[in-house]
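Worksheet for the structure shown next.
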Amino acid sequence: MNFSRALIITSVSSILSFSIFGCTSSVTLPSNSSVMSNKQTPEFYGTLDPYASESVYFLLTDRFVDGDKTNNHEAQGGKYPSFDIPLNGPDGQQANVGYLGGDFKGVLNNAEYIQNMGFTSVWLTPIYDNPDQAFNGGDKVAFGEYYKDGGKTGYHGYWANNFYQVDEHLPSKDLSFADLTKQLKNKHDLNFVLDIVANHGSPSYSMVEDQPKFGEIYDQSGKLVANHQNIHPEKLDPSNPMHAFFNTHTGLAQLSDLNENNEAVLDYFEGAYLKWIAQGAHALRVDTIKEMPHHFWKKLFDRIRQHHPDIFIFGESYSYDAEFIAEHTRPENGGASVLDFPGRKAITEVFENTDSDFSDILSYLHLDDGIYQNPYELMTFYDNHDMERMNATDEGFIDANNWLFTTRGIPVIYYGSEINFMTGQPEHKGNRNYLGQQRIEQAKNYIIHNELTSIAHVRKSSVALQRGLQVNADFKGDLASFYRVYQNNGDNQTALVLLNKGDSEAEFTLDKMMSTGLWTDAMTGQEYLIDNNNLALNLTVKSHGVAVLLLNSPINNSELLTQLLSQQSKLHEAASQ
């Protein structure tokens with residue numbers, strides 16, 4: 001395919017052989033057609049995992065919307081209060097490390113908003129009970145500072161002390177966790193992603209004075225089964241039943257580091273997570289997966305899959321090394337998908353920089369090199385709660401979403417990205433700030449939100465964009481084009497994706513690997529007939545725009561077929577290793 005920035009005055013309809021009656025019976029295949037009579041249509045797909053059809057909206061529950069003020073517990077904490085603890089910065093900037101009121105009801109009240117954007121799953125931060133005070137140990141956190149927990153609370157959910165109990169800030173009298181997942185699914189067709197933690201509990205030592213729940217772990221009956229007792233890990237006594245849950249070395253910050261070799265730890269988490277799956281969790285996201293050895297996750301996932309063999313699991317291995325994070329995807333290591341951190345790096349580098357070349361984004365895809373067990377099952381993203389939000393313009397976010405929802409992988413969008421919320425800010429500068437109902441109402445008319453909604457719905461209805469093999473055509477400057485091809489069990493769809501991240505509209509001359517047949521623009525419904533007399537078409541894509549053309553019949557171009565056969569073979573080879 002060739003790209004031209006110059007505008008061609010000739011209309012598309014005059015360039016194409018376009019049938020206004022939609023008649024295709026007379027279409028003849030070109031002489032280079034790879035379709036042969038009496039031979040079965042070859043099967044092409046990136047993945048057959050049902051979860052590939054999902055797209056995920058990720059939100060930090062306490063910072064989304066306060067739907068029920070009766071569960072805010074504003075007076076909680078006593079000497080170390082836990083509600084609304086601001087971190088003040090220059091020029092009126094502010095972050096917060098206390099609870100701010102977001103809850104299950106705030107999520108459910110806005111489930112229609114999430115559904116209408118085109119998402120099919122909601123991922124919430126952990127739901128488990130966390131300590132009720134601000135942590136008085138560690139290094140005191142201040143605005144803009146990294147890796148400090150002193151003065152913070154467990155508003156984010158990752159400091160659990162009872163993995164069998166929902167934190168009191170989240171449910172309402174008429175809305176339990178089971179009620180939430182049921183209503184999300186039945187009323188809004190939204191699946192629930194449960195965020196699980198097994199590497200650590202709450203901050204457990206360095207406290208000025210011992211605090212309740214910190215460093216403690218309780219079981220389903222409320223019985224204390226582990227207690228760090230505000231003791232440095234190196235001074236714990238492994239023979240003490242209260243210490244046996246923990247390792248005798250330091251881990252992340254002052255968090256209790258759980259003993260991956262203790263069978264009781266494995267039993268504890270198996271019971272906890274099976275409980276929440278039974279109450280409606282549809283998939284699992286695994287926090288800090290790289291901090292625990294592979295053998296622990298293999299055992300835990302095997303136990304869970306004995307009860308739920310098809311459950312989708314993806315982990316957070318915070319590393320930009322593809323070969324390293326790919327280890328988690330191997331069956332012998334637990335066979336989990338992972339969040340695509342190398343992809344995040346490439347995506348932000350391209351869409352934060354208006355002078356970037358689209359070809360720079362290709363490095364992370366690993367479509368046929370066998371790095372990952374299956375690259376099509378990775379979770380792709382550009383923003384999350386642990387790093388700086390993408391520092392891009394509104395147009396940069398639009399371009400990133402157009403890429404994310406058409407290329408390989410399962411897209412994840414972090415709350416607020418649909419309005420460019422807290423642009424470029426890390427955790428203690430506003431990355432996790434409160435969104436609120438007013439901003440959600442404003443978002444419904446925001447350009448990023450609207451463009452995201454458009455492309456998310458295209459993906460939602462296209463099996464090729466969800467599961468198809470990806471064959472790249474041209475990537476140069478502000479323009480990119482590629483194919484996604486799905487042929488399986490009689491279902492045939494090819495998606496031709498055209499992306500323009502430039503500030504002016506651009507014309508694409510489509511003459512590479514084009515199959516004959518009736519192509520349909522997924523956004524406008526416009527139809528284009530490609531036949532033996534017209535094997536190319538010109539199409540204009542608006543600035544910061546995307547076009548997706550769909551062909552719902554088997555491919556018949558020999559060059560494309562050759563590339564697909566090669567990639568499918570390599571994908572199967574990687575999966576069998």
Is it true that the side chains of [X] and [Y] contain a donor and an acceptor less than 3.5 Å apart?
{"X": "Ser417", "Y": "Asp383", "result": "yes"}
{"X": "Ser462", "Y": "Gln493", "result": "yes"}
{"X": "Thr47", "Y": "Asp49", "result": "no"}
{"X": "Gln165", "Y": "Gln220", "result": "no"}
{"X": "Gln133", "Y": "Ser82", "result": "no"}
{"X": "Asp66", "Y": "Asn72", "result": "yes"}
{"X": "Glu377", "Y": "Ser337", "result": "no"}
{"X": "Asn333", "Y": "His328", "result": "no"}
{"X": "Asn130", "Y": "Tyr128", "result": "no"}

Centroid separation [X] to [Y] less than 6.0 Å:
{"X": "Phe397", "Y": "Tyr382", "value": "yes"}
{"X": "Trp403", "Y": "Phe482", "value": "yes"}
{"X": "His73", "Y": "His169", "value": "yes"}
{"X": "Tyr113", "Y": "His449", "value": "yes"}
{"X": "Phe192", "Y": "His282", "value": "no"}
{"X": "Tyr218", "Y": "Tyr164", "value": "no"}

Option among Tyr57, Phe64, Phe314 that satisfies the ring pair (Phe, Tyr, Trp, His ring centres under 6.0 Å) test with Trp123
Phe314
Lys299 and Asp267: CA distance, side-chain angles, deciding distance, salt bridge (Lys or Arg N to Asp or Glu O under 4.0 Å) verdict:
CA-CA 10 Å; Lys299 292 176 183 175; Asp267 294 340; over 6 Å; no
Judged by atom type as modelled, is there a donor-acceptor pair below 3.5 Å linking the side chain of Asn161 to the main-chain atoms of Ile217?
no
Could you check whether Asp179 pairs with Lys182 (Lys NZ or Arg NE/NH1/NH2 to Asp/Glu carboxylate O, under 4.0 Å)?
no
So [Y] and [X], do their side chains get closer than 4.5 Å, heavy atoms only?
{"X": "Leu367", "Y": "Arg408", "answer": "yes"}
{"X": "Leu365", "Y": "Thr407", "answer": "yes"}
{"X": "Ile304", "Y": "Phe269", "answer": "no"}

Less than 6.0 angstrom from the centroid, inside 45 degrees of the normal: does Arg63 satisfy that with respect to the ring of Tyr155?
yes
Could you go through the side chain to side chain contact (heavy atoms under 4.5 Å, CB included) check for Trp276 and Ile127 one step at a time?
CA-CA 10 Å; Trp276 303 119; Ile127 63 172; 3.9 Å; yes
Should the heavy atoms of other residues, nucleotides or ligands under 6.0 Å from NZ of Lys542 be counted, would the total exceed 12?
no
Residue pairs, two or more places apart or on separate chains, that pass ring pair (Phe, Tyr, Trp, His ring centres under 6.0 Å) and touch residues 410-429:
Phe58-Tyr414
Please set out all donor-acceptor pairs under 3.5 angstrom arising from side-chain atoms of residues 196-203, sequence neighbours excluded.
residue: His200; atom: NE2; partner: Tyr158; partner atom: O; Å: 3.1
residue: Ser202; atom: OG; partner: Gly215; partner atom: N; Å: 2.8

